[in-house]
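This report concerns only the one structure given below.
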Amino acid sequence: MNPFDYHAPTSLQETFDLLDTYGEDAHLMAGGTALVLLMQQGLLQPGHVVGLQKVAELQGIRRLDDGGLQIRAMATHRQAEKSSAVQAYCPALVENFSHVATIRIRNQGTVGGNLAHADPAQDPPPMLIALGGEAVIASRDGERRVPLDEFFVDYFETAIKPGEVLLSIDLPPLPQGTRVTYKKFLPRTQDDYATVSVAAALKLGPDNTCEDVRVALGASATIPVHARNVESALKGQRLDAEKIKEAAALVRDEVDPLDDLRGSANYKREMARVWTQRALQELLDAGA
Ligand SMILES: Cc1cc2nc3c(=O)[nH]c(=O)nc-3n(C[C@H](O)[C@H](O)[C@H](O)COP(=O)(O)OP(=O)(O)OC[C@H]3O[C@@H](n4cnc5c(N)ncnc54)[C@H](O)[C@@H]3O)c2cc1C
């Protein structure tokens with residue numbers, strides 16, 4: 001690894017100053033689990049690493065006044081998995097964080113670092129999209145909000161611009177009775193990245209009429225996929241196994257998987273359909 005200077009700001013203001021001073025030669029580091037690998041491989045060679053561990057504004061997880069949830073960027077996956085605020089907001093989100101790698105990585109890796117890293121096979125992004133999350137991005141000029149389904153631009157690329165820092169992920173209140181699930185298809189080992197993953201949130205009305213639904217997939221394209229066509233086919237419909245099967249089949253045209261060591265694109269396309277159907281059927285059956 002090339003030598004670099006390490007900076008440890010304690011506030012966002014100091015962080016912006018460092019980013020201004022060193023420009024393109026500076027790179028932010030949260031837990032370092034992804035960044036250090038890229039530096040070891042020579043893919044990134046910053047002269048200045050700006051560590052975010054001590055930045056006060058980036059710490060913590062809390063319920064918002066409106067009943068939503070705020071996860072600050074430096075919260076680790078393990079903190080999120082163990083948080084009573086996350087548990088009270090949505091138990092399926094706790095389970096989602098427990099699917100990230102191993103306890104060792106979850107203790108070190110942060111939720112903000114995960115989103116900013118933007119590997120499409122990661123677990124939290126589809127779940128946070130299905131919950132309607134927004135990224136709050138801070139810069140010297142103030143804050144801006146980006147819905148998470150617009151945050152991911154391409155493989156390893158997000159809407160975060162130079163000079164900006166991801167501050168938090170804000171989730172809206174979940175309407176009472178919303179059922180949520182996360183399915184991670186892991187045919188190889190339990191601590192692997194997903195071959196395909198599906199997150200779904202469903203709110204049913206009388207007679208199993210779909211009042212609202214959100215579906216998002218991981219490991220199914222170069223960015224997490226918000227499956228809007230599946231959602232449109234379900235909204236307002238009275239749900240049964242046949243309706244769910246028909247809607248899930250639409251996901252085949254929404255995903256665009258890559259061939260890799262976890263399977264061919266065709267195989268993953270079919271697995272996206274299968275796991276979308278299973279996730280939605282599980283949510284329908286949860287009330288039976
Ligand atoms: C062996 C291994 C297995 C893994 N398995 C899984 C898995 O099964 N599921 C899964 O979801 N993930 C998995 N991961 C990925 C892991 O979740 C990420 O590496 C981790 O979340 C990144 O967080 P970090 O704090 O270490 O980020 P860092 O490595 O410190 O940073 C990653 C990137 O984000 C940028 N960044 C960090 N914080 C901010 C911020 N606040 N604002 C702007 N940019 C920022 C950095 O500049 C860098 O480019 C695995 C990683 C490893 C090493």
Side-chain angles (χ1 to χ4, degrees), residues 68 90-93 95-96 99 120-134 146-154 171-186 194-258 262-288:
C90 174
L93 183 54
E95 203 207 319
N96 172 264
H99 279 295
Q122 292 176 142
D123 297 291
M127 188 64 167
L128 296 169
I129 290 172
L131 293 171
E134 283 183 334
V146 180
L148 280 179
D149 57 0
E150 296 169 18
F151 174 81
F152 299 97
V153 175
D154 204 346
L171 298 165
L174 266 188
Q176 203 173 5
T178 304
R179 303 171 189 175
V180 185
T181 191
Y182 178 67
K183 297 278 169 218
K184 181 175 187 179
F185 178 40
L186 279 172
T195 294
V196 163
S197 66
V198 182
L202 176 67
K203 173 89 172 83
L204 290 173
D207 293 334
N208 283 345
T209 302
C210 175
E211 283 183 359
D212 199 10
V213 63
R214 285 180 69 94
V215 180
L217 292 93
S220 302
T222 55
I223 57 172
V225 173
H226 182 186
R228 291 188 175 83
N229 292 344
V230 175
E231 293 174 0
S232 302
L234 295 169
K235 276 183 196 160
Q237 300 292 316
R238 203 170 149 180
L239 300 193
D240 57 21
E242 197 49 39
K243 271 270 169 322
I244 284 177
K245 187 175 171 192
E246 282 169 22
L250 299 175
V251 88
R252 295 177 57 93
D253 292 330
E254 300 205 86
V255 299
D256 188 11
L258 306 171
R262 293 186 181 80
S264 68
N266 271 342
Y267 172 68
K268 291 191 212 171
R269 197 180 294 280
E270 183 56 12
M271 288 304 102
R273 181 193 70 74
V274 167
W275 286 93
T276 300
Q277 183 178 338
R278 285 184 190 174
L280 290 166
Q281 186 66 47
E282 176 189 301
L283 294 182
L284 179 63
D285 293 345

Measure the spacing between [atom1] of [X] and [atom2] of [Y] and express it to the nearest 0.5 Å.
| X | Y | atom1 | atom2 | result |
| --- | --- | --- | --- | --- |
| K184 | D123 | NZ | CG | 3.5 Å |
| K235 | E211 | NZ | CD | 12.0 Å |
| R269 | S220 | CZ | OG | 9.5 Å |
| I223 | L148 | CD1 | CG | 11.5 Å |
| E282 | I244 | CD | CD1 | 11.0 Å |
| R252 | N266 | CZ | CG | 7.5 Å |

Side-chain heavy-atom pair [X], [Y] within 4.5 angstrom cut-off:
| X | Y | value |
| --- | --- | --- |
| L171 | L128 | yes |
| R179 | T181 | no |
| L280 | L234 | yes |
| S197 | W275 | no |
| T276 | L217 | yes |
| P126 | Y182 | yes |
| L131 | R214 | no |

Which heavy-atom pair separates [X] from [Y] by the least distance, and what is that distance?
| X | Y | answer |
| --- | --- | --- |
| Y267 | R262 | CE2-O, 4.0 Å |
| M127 | N96 | CB-ND2, 3.3 Å |
| A216 | I129 | CB-CG2, 3.8 Å |
| A221 | P120 | O-CB, 3.3 Å |
| A130 | A201 | O-CB, 3.8 Å |
| V196 | A272 | CG1-CA, 3.8 Å |

Name all residues meeting the ring-ring contact (aromatic ring centres under 6.0 Å, His included) criterion together with H226; count only those two or more places apart in sequence or in a different chain, and write none if there are none.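 Applying ring-ring contact (aromatic ring centres under 6.0 Å, His included) to H226 gives none.
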Pairing residues for T178 by the side chain to side chain donor-acceptor pair (under 3.5 Å) criterion, not counting sequence neighbours: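 None.
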Using modelled atom types only, decide if a donor and an acceptor are shared between the side chain of [X] and the backbone of [Y] within a distance under 3.5 Å.
| X | Y | result |
| --- | --- | --- |
| K268 | L258 | yes |
| E231 | V215 | yes |
| E254 | R228 | yes |

What do you reckon, is NZ of K245 surrounded by more than 12 foreign heavy atoms closer than 6.0 Å?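 Not buried by this count: 12 neighbours or fewer within 6.0 Å.
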L239 pairs by side-chain contact (heavy atoms from CB on, under 4.5 Å) with which of L284, T209, L283, D207?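 Going through the options one by one, the only one that passes is L284.
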Residues in salt bridge (Lys or Arg N to Asp or Glu O under 4.0 Å) with R278, at least two apart?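 With sequence neighbours excluded, R278 shows a salt bridge (Lys or Arg N to Asp or Glu O under 4.0 Å) to no residue whatsoever.
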Ion pair check, E270 and R273, cut-off under 4.0 Å: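 Judged by the 4.0 Å cut-off on N to carboxylate O distance, E270 and R273 do form a salt bridge.
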